[in-house]
Structures are given as C-alpha cells and as structure tokens.
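Structure, as structure tokens:
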Amino acid sequence: MKIVVPVQLVPDLVEELVVDKSGKALDLDTVRWIISEPDDHAIEQAILMKEKSGGEVIILAPDFEGVDDVLFAAAAKGADRLVKITGDFESGLNAHALARALQPLVKDMNPDLVLTGVQTHNGLDGPIGALLAEYLQMPYIGYVSGVSVQGNKALISKDYPGGLKAEMEVSLPAVLGVSSAESAPRYVPISKIRMVMKTSKVEEQDAGDLDLSGAAVVTRMSPPESAERATMITGKVDDVAAKIVAIIQEQGLL
Amino acid sequence: MPIRIDFWGIPWEWAHLLIYVTVIGAGVVMLVRFYLQARLWWKAGQVKLCWDRPLLRLWRVIQYAGIQTRVLEQKYPGVMHIAIAGSFFIFFLGTAFAVLNTRIYEPIFKDVFLKGGIYLFYEVVLDLFVPVFLLGFALAGYRRWVVKPKRLTLEPKFTWMLLLLLAIVVTGTLVEAYRLALQKPEWAPWSPVGYLISLLLPSGSAAEAGLYQVYYFLYGFHPLLVVVAFILLPSTPLLHIFTTPINIFFSDPARPVGQLAAIPADKEGIPIYSRTLCNLTWSQLLNGDACTECGRCQEACPAYAAGQPLNPKQVILGVRNVLHRDGPALDCSQPDKVHELVGETGLTEEVLWSCTSCGACVAECPVLIEHIGTIVDLRRYLVSEGRLDAMAQDALNNLGRYGNSFGQSERARAKWAQAFEPKIKDARKEPVEYLWFVGDYASYNPALTDITAKTAEVFQQAGVDFGILYEGERNAGNDVRRVGEEGLFEMLVEKNSMAFAKSEFKAIVTTDPHSYNTLKNEYPADAVGGRPVLHYAELLDQLIASGKLRLTKKLGYKVTYHDPCYLGRYNNVYDAPRRVIQATGCEIVEMPRCRKHALCCGAGGGRIWMEEGEMKERPSESRIKEAVALEGVQVFVVACPKDTTMYRDAVKTTGHEDRLVVKDLIELVYEAL
Ligand code: SF4
Ligand code: SF4
C-alpha cells in the first residue's frame with residue numbers, strides 16, 4: 001500500500017491579514033504559513049492506515065516558508081518520504097496550477113491511494129484533489145471521514161451536509177479529499193520532531209513552469225467591513241433574558 | 001550496690017545461649033529479607049547513587065528521621081509517632097547497653113558499667129518510657145480504631161503491628177515486675193512501673209514457686225516476640241524504620257523543589273521515558289517502600305479534595321505494588337514483556353492528568369517522598385506517546401507555534417502596551433535595569449491587561465528603569481514542563497534565552513509565580529546569567545522599604561492573602577507580599593490554610609489548559625468559601641495573574657460577589673499611591 005499525501009500551506013488566520021498595494025492579493029510579507037487543516041487530517045488518516053496495515057506514506061508539499069517544519073512533523077508521526085516541491089509560488093499559485101504540477105510527480109510514485117485535504121480556506125478554484133484526480137485519470141471522492149482498504153478496493157465513509165453519512169466503495173488507485181481523519185491529528189512531541197530532523201531527509205522535486213490557467217481571477221481583495229449591527233442588551237439578567245425572548249418571538253422563531 | 005545481673009534467676013547456660021542465638025539469627029533473617037526486597041530497587045530501577053555532601057545528608061537523616069521535624073508538624077500524629085518511635089529507640093538502646101555491659105565491656109575491663117548510680121538512672125529511664133509508649137499506643141489505637149480518619153490505610157497489617165509492639169513492651173515490663181517480686185532488691189522502686197506491678201503480685205514463699213513458673217515463661221516469651229518481630233519486619237509497615245532514613249539520605253539536598261529533574265537519557269542521548277518499572281530511578285522505587293501510608297499527602301492534595309481520581313499516596317503505593325508484584329521476576333532486558341506503569345491502580349491517565357503540581361504533597365511528606373517527580377515522569381511518557389487530551393494538545397500546539405497558550409500571534413503579545421504613555425522600553429533595544437517578563441496571562445488575557453497596565457504605572461511612579469521583550473518573549477515554560485512536554489520546554493527556554501542574550505538588564509522581574517519559578521530555578525545559568533529573578537511582590541517590598549515607592553493612602557480594608565503555590569511553597573516567598581499589603585494600610589486576616597499549607601487554586605501544572613473532568617468542588621471554590629468564612633474580610637488578595645481569573649470565576653460561581661472582591665496585589669498598591 002503506497003499512500004501519497006499532497007498537502008498545502010495556507011495563511012495562518014491567527015495573524016492579521018493585510019492586502020498588498022495591488023489590492024488583489026495578500027501582502028506576503030505579513031503572511032505566516034501553516035498547514036491547511038484538512039491536509040493535516042489527510043496526513044493523520046494516511047498514518048492511521050499505515051499503522052493498521054502497513055505500507056508507505058509519502059508527503060508532498062510546495063515550498064512555502066515553514067514547509068520543512070510541516071514535513072518533519074509528518075515524519076515524526078510516521079511518514080516515510082518527504083518531498084518538497086520547489087518552484088516560484090510566491091507570485092501566485094492556484095489549485096489548477098498545483099494539480100498540474102503534482103500530476104507527473106504523483107504519477108511517477110505509482111500510488112494506490114492519494115489523500116488530500118478536501119479544501120483550503122484560501123482556495124478559489126475548487127479542491128485540488130478533484131483536479132488532480134482528473135489529471136491522473138483516477139476516481140475522486142470528497143468529504144471523506146473514514147477509509148478502509150480491502151484488496152484493490154477501498155470502503156469510504158463520506159459526509160454530506162445536514163449530518164448525513166454515506167458508505168461507498170471505490171476501486172484503487174483513487175484520490176480522496178479528506179475532511180476529517182478517523183481520529184484527530186495526534187500531538188507530536190517536540191523532542192520527536194527534533195530527532196526526526198536529524199535523521200530524515202527532505203527530497204526536492206522541481207515543479208517546472210506553472211500553468212496558472214483555468215482558475216478564477218481576483219479583481220479586488222479587501223478585509224470585511226465591520227458594520228455596527230450588533231445591539232448590546234444591558235440590564236439585569238432577568239430583564240436581558242426577557243428582551244432576548246421577545247426578540248426571538250418577534251422574528252417568529254418561537 | 002545496685003548492679004545489673006544478666007539473666008537473673010535463669011540458671012541454665014543453654015537458655016542464655018538459645019536466646020542470644022535466636023535473636024541474632026532473627027536479626028540476620030531480617031537483614032537478609034530486607035536485602036532481598038531492597039535488591040529490587042536497583043534490579044529494576046536506573047541506579048545513580050548520590051553521595052555528595054554526605055554530612056548534610058546525614059544531618060537531614062537526623063532531622064527528618066531522628067528528630068522527625070516533619071512528623072511533628074502535625075500535633076496529634078506527631079506526638080503519637082514520636083512516643084512510639086522514641087520509646088522503642090530507648091528500649092533498643094537499653095538492650096544494646098545491657099549486652100555491651102557484660103559481653104564486651106566486662107571481658108575487656110573486668111568490670112561492668114551498669115552498676116550504682118548509672119544503673120539506677122538506666123532503670124528509671126527505661127521504665128519511664130513504658131508509659132510514654134503506652135500513651136503513643138493509646139493515641140494510635142484511638143485514631144485507628146475509633147476516629148478512623150480517611151487518610152489512614154485501615155488494614156489489619158497495621159493493627160497486628162501495633163499489637164505486636166504492645167505485646168513486646170508488656171511482656172518486657174512483666175519480666176521486670178516478676179524479677180523484682182522474686183529478687184526483691186532494695187533499689188526496686190527505681191524501676192517504678194515494674195515495681196508497682198510487682199506489688200500486685202502475690203508474695204510470700206508459698207507463692208514463689210508459681211511466680212518462678214510465670215517468670216520463666218515470660219522470659220522465653222518476650223524474646224520470642226522480638227524474634228517474630230525481627231523476622232516479620234520487612235513485610236510489615238515497620239519496614240519504614242529502614243527505608244525512610246535511606247530515602248532521606250538519598251533525597252537530593254541541593255535541588256530546589258521548583259527544579260524538576262531532566263529526563264534521563266541513554267548513552268546515545270535517547271531519552272528514557274518512564275514506561276515501565278525499568279525506566280524509573282531506583283530512588284523512585286525506594287520512595288514506594290519508604291512510604292509510611294500516613295496519608296498526609298492525600299489530605300493536602302487539592303485534586304483529591306475536589307473529588308478527582310488523583311491521590312498522591314496511591315501514586316506512590318501504585319509504584320510500590322507494581323514493584324512487589326513484578327519485581328522478583330522482572331527482566332528488563334526484555335522490555336516488551338514488562339508491564340506499562342500507566343494504567344495500574346493509582347496510576348491511570350486520569351489520575352496523572354489531575355495533578356496541579358501544587359507541591360503540597362511533597363511539602364507535607366514526612367519522609368521526603370517526591371510525588372511530583374514520578375507524576376511528571378509518567379506524564380512525559382504519555383506525552384511522548386501523544387496520549388493527552390485535546391485541549392492540552394491545542395495548548396501545546398499553540399505554545400509550540402506562537403509561544404503562548406492562547407493561540408494568538410506573538411505580535412499581539414505587547415498589545416496592552418501599545419497605547420501606554422510614556423512608551424515602555426524595549427529591553428532588546430535599550431539597556432534597562434529590570435527586564436519585566438510579563439508572561440502569557442498578563443499579556444493576552446483581556447480581563448487582566450488592566451492590571452498589567454497598572455503594574456507598569458506603579459513601576460514608573462517608583463522610578464523603576466524597566467523594559468519588556470515585546471514579541472520576543474515566549475511562555476517561560478514552567479507549566480509546559482510540568483505537563484511533561486520537555487522538548488517544548490527546552491525550545492521555549494532557548495527562545496527566551498536568545499531574547500535575554502540580546503538584551504541588557506540587571507535583574508528579571510515578573511508578576512507570574514510560574515514564570516518566576518522556572519526562570520529562577522530551571523533556566524540555564526548562562527541565560528539568566530546569575531542575575532536576580534524577582535517576583536513583583538519582592539520588588540514592591542524593596543521599593544517600599546527603600547522609600548522609592550511612597551504609598552500615601554491607608555486603605556483600611558480587611559483582607560486575606562492567598563499564597564500562590566509557586567511563590568510560597570515552591571520558593572518560600574511568604575513575607576514580602578504580606579509586608580506590601582500592610583504598607584497599603586490593610587489588615588491581613590489569615591485563612592486557616594495559609595503559607596506552606598495554602599490550598600492550590602487548581603490551575604497549575606497545565607491543568608488550566610485541560611478538560612476539567614468530574615469534580616465535587618473546585619479547589620478555587622473551596623478556597624473562596626474558606627475566605628468568606630473569615631469575619632469581615634472584604635478583599636481576597638492574590639499575587640498571580642492566573643489566580644485573578646481563577647478566583648474571580650470562583651467568587652461568581654459560589655455567589656459571593658457582594659461579599660468578597662478579588663484584587664491583585666498591584667491593585668491595592670495602585671489604590672494606595
Ligand atoms: S502536587 Fe498537588 S495536586 Fe499534585 S499530587 Fe501533590 S498535592 Fe496533589
Ligand atoms: S507519600 Fe509521604 S505523606 Fe504520603 S502517605 Fe506516604 S509517607 Fe505519608
């Protein structure tokens with residue numbers, strides 16, 4: 001079983017987001033990169049599967065600042081190969097371009113399963129998993145929250161909005177967009193990461209020239225404007241409660 | 001002339017010999033059995049014998065095992081124990097002198113020393129310790145069989161032990177009484193207890209034969225009991241007579257309580273986590289056998305009192321039980337076959353995560369057992385396996401990435417200082433006298449930034465030349481270390497040390513007792529560079545004493561003061577904050593649990609980051625109730641940012657908002673300016 005996990009780094013929302021002078025993109029100097037949360041779940045899911053039935057887990061990540069930490073953390077969890085994709089991503093990257101760049105690399109690896117996070121919070125042109133599946137000519141299932149492999153098939157549980165869950169079967173190789181791993185991403189102690197830094201190596205593969213076509217074009221970017229729509233209800237607890245009830249009734253919710 | 005005669009009235013040489021042989025034989029059996037048990041400590045544990053400062057260590061043995069200062073801190077059990085232990089010590093000495101007298105002294109000097117005045121003194125002292133023992137026995141019996149405090153282990157082994165001791169003393173005293181009745185020496189009243197009993201015995205020559213029969217029987221029975229006691233000793237609670245002095249001797253006299261031991265590592269530097277018995281140090285295993293099951297730690301533990309699964313006594317006994325169960329057949333060369341410690345009775349994950357690292361157990365334990373070291377070692381193992389609750393994981397992830405547990409950007413760390421005028425110096429850019437290590441809570445918690453700003457204002461008013469590290473500061477790591485995330489602790493230390501290295505300062509001051517503890521006791525010497533680390537209570541105290549900080553108002557409140565664990569128990573800073581409070585013109589009324597015995601707020605040791613779990617009553621609520629019970633106390637003064645949040649919550653949840661306000665020490669000072 002060979003599982004390839006392409007992951008992405010996204011702007012850390014803990015930091016204040018600043019729009020650059022062009023008014024169309026984030027000011028990259030102020031951005032701090034962090035692994036996209038669903039991608040973290042994809043890694044966890046891959047490791048869980050490896051722990052259960054063996055195999056090899058390969059992590060791929062485009063070269064953003066902090067990518068080494070992401071890769072080493074994955075290695076500390078149990079990933080076997082770490083691949084950093086180098087290229088000029090600073091001037092803009094989209095899911096189409098990344099999927100095209102990933103396609104030959106992933107293909108060469110000959111995976112049984114490709115796990116990606118189902119979405120990124122800064123993605124404007126759809127999930128990378130679906131695009132990659134298209135370019136690789138593999139089936140794709142998104143919003144996956146559980147995988148078990150039987151022979152050359154995988155049993156998937158997929159989440160739908162409204163709390164529905166479906167079980168479906170897919171033949172391998174396939175690409176899955178993971179929304180949550182079967183258990184929350186584990187904590188890796190710093191000492192383990194530091195040890196891994198000494199013992200594991202990061203391979204580099206070049207992305208070549210990026211083909212950015214096919215994605216949405218940003219014409220203007222701005223932080224959400226705050227409006228003074230909130231009304232503060234003050235007074236004694238009982239009075240406040242009564243007022244809230246009245247408002248809810250007014251809206252016909254009670 | 002009064003003189004002691006060995007084996008008075010026992011004419012048979014063989015009987016003398018028999019008694020010597022069996023008692024000595026029993027002593028040998030005792031030592032061998034003890035050895036077999038002690039062997040497990042180093043068979044399983046990592047052996048590192050520390051002999052440095054032998055005299056200090058010896059003195060500690062005298063202090064804690066001989067004079068028993070810690071035991072005596074609690075009156076009833078203290079008197080009880082010293083009465084029993086002291087009298088047996090005297091009886092033991094008496095017997096030893098008797099043997100010395102005729103078996104060693106006499107052959108050499110052709111004379112005895114137990115004669116005349118010395119002998120009478122010897123008799124009277126030995127005799128007077130009989131009622132002392134009986135007093136101790138009565139206190140112990142009343143406590144064990146009538147009062148039955150929860151902290152005691154109410155098992156038959158303790159009852160048997162007490163009865164055996166009683167039997168030894170009673171038979172010994174009766175032997176004396178019968179001897180006096182038969183020997184009728186004129187100095188008999190010098191053995192007052194034996195003499196009084198002898199008066200009750202039948203007299204006259206007709207009764208003499210009967211008295212002799214009983215005397216012979218008792219003369220055999222008394223040593224027989226001693227023989228039984230010797231043989232059984234290693235498997236009874238009396239074992240502590242041997243183990244506690246050893247435990248005290250090998251406890252580290254130099255390491256402050258606020259300094260955890262590092263994780264041991266093997267030759268390649270790979271850390272050894274406490275997964276099994278084989279990974280503990282021998283002294284951690286010795287701790288188990290040294291525990292007297294007195295339950296003082298249990299009684300002091302805030303987690304136990306809150307109804308959480310933790311009981312520090314059971315932690316220590318848990319290790320001991322595993323040692324006794326698995327130790328004899330243990331094979332550390334096959335680690336896969338050795339049981340994991342976590343999960344054993346007394347050592348479950350919930351137990352280990354309940355500890356607030358308040359240090360009350362360690363401070364109370366009469367025999368210097370270090371519960372926290374073992375708890376943290378087991379937590380370190382759990383962390384190495386990623387076994388910790390989701391909230392704690394989040395906190396650690398945040399601390400690793402942003403350097404604070406709030407998951408906020410480090411750039412926001414000094415947000416509170418942005419609007420502050422005059423601008424607070426950046427210690428990384430200009431030299432300052434005091435580097436103010438602000439800490440996470442005071443920096444990020446919006447409810448506390450007002451207090452933080454007041455602190456800055458007071459410092460400025462007093463003309464203190466200070467600066468902060470702005471976004472260069474990281475969580476100091478005290479609680480990270482106590483959660484068991486040693487790697488992250490080291491990383492935080494490195495980052496802070498780098499920021500220190502960039503700055504020029506003469507001392508560090510902090511309002512956070514947790515940061516204070518680790519900066520003072522755990523940071524590498526080159527980071528802090530031998531410069532003093534002060535808690536703001538200490539700095540304020542100095543400023544007031546030197547007249548630099550002038551308080552003009554007398555506030556006149558009746559207040560109580562809560563000693564933060566890491567300031568009081570851990571670092572013995574009790575008086576500075578009290579002097580500051582007094583300087584503000586407030587009257588301090590102490591809570592029953594104060595100073596060394598102060599109750600923890602429940603937030604320490606990383607607890608503040610974890611799921612709370614099931615609780616009968618939060619420690620902070622119990623504490624507020626304690627304060628409210630004090631006549632007329634209006635203000636609950638704290639000297640720790642975490643305490644402010646913990647106790648303000650507790651005042652609300654206990655519904656005492658109109659009765660008590662929680663104030664930071666600085667708020668009093670500010671008000672009194
Ligand atoms: S440190 Fe405090 S909470 Fe932890 S076991 Fe000891 S007394 Fe209990
Ligand atoms: S650990 Fe110390 S305080 Fe606790 S029961 Fe044992 S001897 Fe007593």
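Because the structure is a prediction, the values reported are computed rather than measured. A note on names: the letters A, B, ... follow the listed sequences, proteins ahead of strands, and every chain is numbered from 1. These values consider heavy atoms only, across backbone and side chains, with no hydrogens, waters or symmetry-generated copies.
Using a 3.5 Å distance cut-off with no hydrogens or angles, the side chains of B:Asn279 and B:Thr276 do pair a donor with an acceptor. In this structure, a donor-acceptor pair under 3.5 Å is absent between the side chains of A:Lys158 and A:Ser179. Between the side chains of B:Asp377 and B:Gln284, at least one donor-acceptor pair of N or O atoms lies under 3.5 Å.
Under the 4.0 Å criterion applied to side-chain N and carboxylate O atoms, B:Lys652 and B:Glu657 are not assigned as salt-bridge partners. A salt bridge does not link B:Glu471 to B:Arg411: none of the charged nitrogens lies less than 4.0 Å from a carboxylate oxygen.
With chain A as partner, the option from B:Pro271, B:Ser384, B:Gly269 having the largest number of non-hydrogen pairs under 4.5 angstrom is B:Ser384. Ranked by non-hydrogen atom pairs under 4.5 Å with chain B, the options A:Lys192, A:Arg194, A:Glu16 are led by A:Arg194.
Cation-pi geometry between B:Lys502 and B:Phe500 is not met: the NZ or CZ atom fails to fall both under 6.0 Å from the ring centre and inside 45° of the normal.
Ring geometry for B:Tyr523 against B:Phe489 counts as perpendicular: the plane angle is over 60°, on a 0 to 90° scale with 30° as the lower cut.
Using non-hydrogen atoms only and a strict 4.5 Å limit, no part of residues 43-57 of chain A faces chain B.
When heavy atoms are compared at a cutoff of 4.5 Å, A:Ile193 does not approach chain B at all. Residue contact with chain A, scored on non-hydrogen atoms closer than 4.5 Å, involves the backbone and the side chain of B:Arg401 alike. Heavy atoms closer than 4.5 Å to chain A are found nowhere in B:Ile263, neither backbone nor side chain. Proximity to chain A is limited to the side chain of B:Glu485, based on heavy atoms less than 4.5 angstrom apart.
Every side-chain hydrogen bond (donor to acceptor under 3.5 Å, both in side chains) that B:Glu522 has, sequence neighbours left out, goes to B:Arg481, B:Arg482, B:Thr518.
A centroid separation of less than 6.0 Å is found between the aromatic rings of B:Phe406 and B:Tyr444.
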